[in-house]
A.B. asks: 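Shown below is the structure under consideration.
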Amino acid sequence: MLLVGSGSGELLVRLAERVGVRGRVMGVDVDPVKAERARALVGGMGLSDVHSAAADGWYGWRENAPHDLLISTVSVHSLPPSWVTQSRPGSLICAPIRSGGEAGPVFFATFRVESRHEVSLLSAIPGRYGELRRNWAAGVEDGNGDDATAACNARGSAEHPADIELHGALLALGPR
């Protein structure tokens with residue numbers, strides 16, 4: 001799986017727990033300092049199938065494609081073509097999509113990749129991005145490292161199809 005906007009690595013570690021020994025987690029962050037912190041965190045925990053790079057997430061991570069799941073913690077104005085072409089058919093892309101410019105509304109969108117050039121929009125929930133970001137940030141700031149679970153189990157999550165898809169995708173990765 002690929003995490004775009006992986007920050008200092010806390011969410012990478014949590015996702016690695018879900019993937020288990022069968023999979024790998026790749027993270028990209030545009031900030032080289034955060035990417036280095038993530039590498040140090042992952043290295044210190046001995047996680048061999050978790051990797052972090054300083055790169056522009058818009059371009060994905062081609063060297064380690066195809067991905068079974070792509071999660072972005074940063075908003076984009078449109079779905080980057082690289083995310084689609086680097087994803088396996090049947091995989092999910094979960095990302096906040098900003099419409100109408102910087103001041104426009106944000107939708108937390110879940111897409112299913114049908115082929116290297118086609119996606120289906122499963123859901124687009126307005127206004128959820130900010131709450132998910134707060135939940136992820138709260139998990140990191142509290143030091144409990146429970147970022148992914150906090151995002152999936154946010155108050156009212158069961159009412160939001162995007163959260164259900166994301167929660168399902170994370171659960172499909174395996175046990176915690």
A.B. asks: Do side-chain atoms of Arg88 reach the backbone of Asp68 as a donor and acceptor pair under 3.5 angstrom?
C.D. replies: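 Side chain of Arg88 to backbone of Asp68: no pair is present.
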A.B. asks: For residues Tyr59 and Val119: do they belong to one hydrophobic cluster (side chain heavy atoms under 4.5 Å, members Ile, Leu, Val, Met, Phe, Trp, Tyr)?
C.D. replies: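 Yes, because Tyr59 and Val119 connect within a single hydrophobic cluster, where side-chain heavy atoms sit under 4.5 Å apart.
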A.B. asks: Is there a donor-acceptor contact under 3.5 Å from the side chain of Ser82 to the main chain of Trp58?
C.D. replies: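 Pair found, side chain donor or acceptor close to backbone of Trp58.
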A.B. asks: What residues form a side-chain hydrogen bond (donor to acceptor under 3.5 Å, both in side chains) with Glu118, not counting sequence neighbours?
C.D. replies: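 Glu118 satisfies side-chain hydrogen bond (donor to acceptor under 3.5 Å, both in side chains) with no other residue.
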A.B. asks: Say whether, by atom type as modelled, one donor and one acceptor occur between the side chain of Trp83 and the main chain of Gly57 under 3.5 angstrom.
C.D. replies: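 Yes.
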A.B. asks: Partners of Ser87 by side-chain contact (heavy atoms from CB on, under 4.5 Å), sequence neighbours excluded?
C.D. replies: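 side-chain contact (heavy atoms from CB on, under 4.5 Å) check on Ser87 returns Ser91, Ile93, Val113.
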A.B. asks: Keeping the roles fixed (side chain from Thr73, backbone from Gly5), state whether a donor-acceptor pair exists under 3.5 Å.
C.D. replies: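 The answer is yes, because a donor-acceptor pair under 3.5 Å joins these two groups.
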A.B. asks: Apply side-chain hydrogen bond (donor to acceptor under 3.5 Å, both in side chains) to Arg116 and list each qualifying residue two or more places apart in sequence or on a separate chain.
C.D. replies: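 With neighbours one apart ignored, the set is empty.
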A.B. asks: Could you pull out all residues at least two apart from Asp49 that satisfy side-chain contact (heavy atoms from CB on, under 4.5 Å)?
C.D. replies: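 Scan of Asp49 (side-chain contact (heavy atoms from CB on, under 4.5 Å), adjacent residues dropped) gives Arg24.
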A.B. asks: Does the pair Phe111 and Leu122 meet the rule for a side chain to side chain contact (heavy atoms under 4.5 Å, CB included), with working shown?
C.D. replies: CA-CA 5 Å; Phe111 302 89; Leu122 298 178; over 6 Å; no
A.B. asks: Going by side-chain contact (heavy atoms from CB on, under 4.5 Å), name the residues that satisfy it together with Ala65, two or more places apart in sequence or in a different chain.
C.D. replies: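 For Ala65, the residues satisfying side-chain contact (heavy atoms from CB on, under 4.5 Å) (neighbours in sequence not counted) are His67, Gln86.
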A.B. asks: Between Asp56 and Val30 (side chain of the first, backbone of the second, donor and acceptor by atom type, cut-off under 3.5 Å), is there such a pair?
C.D. replies: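 Checking the backbone N and O of Val30 against the side chain of Asp56, no donor-acceptor pair under 3.5 Å is found.
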A.B. asks: Could I get the full list of side-chain hydrogen bond (donor to acceptor under 3.5 Å, both in side chains) partners for Ser120, not counting sequence neighbours?
C.D. replies: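 Checked Ser120 against side-chain hydrogen bond (donor to acceptor under 3.5 Å, both in side chains); matches are Glu114.
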